There are 2 protein chains.
Amino acid sequence: MVERESTPLTDILKAASDPTRRSILTLLAQDGPTRVTEIAARFEKSLNAVSKHIKVLEAAGLVSRRTAWREHIIEVRMEPLVEIDRWFRDLRSIWEMRLDALESLLTEENDND
Amino acid sequence: MVERESTPLTDILKAASDPTRRSILTLLAQDGPTRVTEIAARFEKSLNAVSKHIKVLEAAGLVSRRTAWREHIIEVRMEPLVEIDRWFRDLRSIWEMRLDALESLLTEENDND
DNA sequence: ACCTTATTCATCCATATGGTTGAACGAGAA
DNA sequence: TTCTCGTTCAACCATATGGATGAATAAGGT
């Protein structure tokens, strides 16, 4: 009933908001492409739990998967994170525009004194 | 039973990962400090729902509250968002370090040819 | 005192999320 | 074929989340 929205930015932020998933990204950034089992071995969670985390990251575009034989090699993708950066910058620029407008308004008033 | 972790960065990202909450931040960045009721009026949700969203943003430090008479004036705080930026930059630098190491390794090998 | 306004608190609901365990699948090795 | 390995799929569970509605609180206006 409750329309479940899902935009790229929302998916990226949601994926990044879990500490385990951020750890996975850090691990991949450090060590490069890594097998699912290998990744799971670094955490005190079941293989399945980690597998699910990876799927979330994958859905958000934060990692890519390359299947070689029976092994799934996971690689971090930095590109989508730029979306967060962009959102942050947009918000900040909106905020600064208002402050600038406010300041010039005050300056104007001072001129009228 | 499941240890519920909550770090500043996690709270910030979780707070930012909801579209409604991001809209509230944008609204506040544009219009400046605004009353809760005023904010709620901009959304097709109950006052209570918006009130709860604001509490989440507040807990993450993304907005501050100033109670004047019976009115609660909400203001956006940009500072905590820098944490996201920092995390992103850290991750990227870890990633670049690995690539640099990889590249210099390859160059070395070429030198040995 | 009583009304009105602004907001939160308390419940309750449906769905999402993070976790577990066990079965299933795909593909090389014995 | 049967075994093992790497991984996902399918249930299932407890808790979190986003939403609604109605009561409670706070404080000025009448």
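Small disclaimer: the values here were computed from a predicted structure and weren't measured. Residue numbering restarts at 1 for every chain, and letters A, B, ... go by the order of the sequence lines.
Under a 4.0 Å N-O distance rule, the pair R89(A)/D85(A) qualifies as a salt bridge.
For R98(B), there are no side chain to side chain donor-acceptor pair (under 3.5 Å) partners, not counting sequence neighbours.
To the nearest angstrom, P of dA6(C) lies 14 Å from CD1 of I39(B). The distance from atom CD of E38(B) to atom C1' of dT5(C) is 14 Å, rounded to the nearest whole Å. With rounding to whole Å, R66(A) atom CZ is found 17 Å from dG6(D) atom P. Rounded to whole Å, atom C1' of dT17(C) lies 10 Å from atom NZ of K14(A). What separates NE2 of H72(B) from P of dA27(D) is a distance of 9 Å, to the nearest Å. Counting to the nearest Å, the P atom of dC9(C) and the CG atom of L47(B) are 12 Å from each other. If you measure from atom CG of L13(B) to atom P of dT17(C), you get 15 Å, rounded to the nearest angstrom. As rounded to whole Å, 15 Å separates atom C1' of dG19(D) from atom CD1 of I54(B).
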So which protein N/O to nucleotides 1-5 of chain D N/O distances come out below 3.5 Å?
{"unit_1": "dC5(D)", "atom_1": "O2", "unit_2": "R70(A)", "atom_2": "NH1", "d": "3.4"}

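The base of dG18(D) lies outside donor-acceptor range of the side chain of K45(B), with no N or O pair under 3.5 Å. Between the side chain of N48(B) and the base of dG18(D) there is no donor-acceptor pair of N/O atoms closer than 3.5 Å. Side-chain atoms of D18(A) stay outside donor-acceptor range of the base of dT17(C), with no qualifying N/O pair under 3.5 Å.
For the pair H53(A) and dG18(C), the criterion of a side-chain N or O lying under 4.0 Å from OP1 or OP2 is not met. An OP1 or OP2 oxygen of dG19(D) is reached within less than 4.0 angstrom by no side-chain nitrogen or oxygen of S46(B). Checking the phosphate oxygens (OP1, OP2) of dC9(C), a side-chain nitrogen or oxygen of K55(B) falls inside 4.0 Å.
In this structure, the side chains of L25(A) and W87(B) come closer than 4.5 Å at one or more pairs of heavy atoms.
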Do any side-chain atoms of residues 49-62 of chain A form donor-acceptor pairs under 3.5 angstrom with protein atoms, and if so which ones, sequence neighbours left out?
{"unit_1": "H53(A)", "atom_1": "ND1", "unit_2": "R21(A)", "atom_2": "NH1", "d": "3.1"}
{"unit_1": "E58(A)", "atom_1": "OE1", "unit_2": "R65(A)", "atom_2": "NE", "d": "3.3"}
{"unit_1": "E58(A)", "atom_1": "OE1", "unit_2": "R65(A)", "atom_2": "NH2", "d": "2.8"}
{"unit_1": "E58(A)", "atom_1": "OE2", "unit_2": "R65(A)", "atom_2": "NE", "d": "3.1"}

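When each of dT20(C), dA20(D), dG18(C) is scored by its nearest atom to the side-chain atoms of A49(B), the top-ranked nucleotide is dA20(D). Of the candidates dT8(C), dG19(D), dA11(D), the closest approach to any side-chain atom of R65(B) belongs to dT8(C). With distances taken from any side-chain atom of K52(A) to the nucleotides dG19(C), dA6(C), dG19(D), the minimum falls on dG19(C).
A pairwise comparison of heavy atoms in I74(B) and L28(B) identifies O-CD2, 3.5 Å as the closest pair. Closest heavy-atom contact between T20(A) and D18(A): N-OD2, 3.0 Å.
For T10(B) (side chain) and S6(B) (main-chain N/O), no donor-acceptor pair under 3.5 Å exists by modelled atom type.
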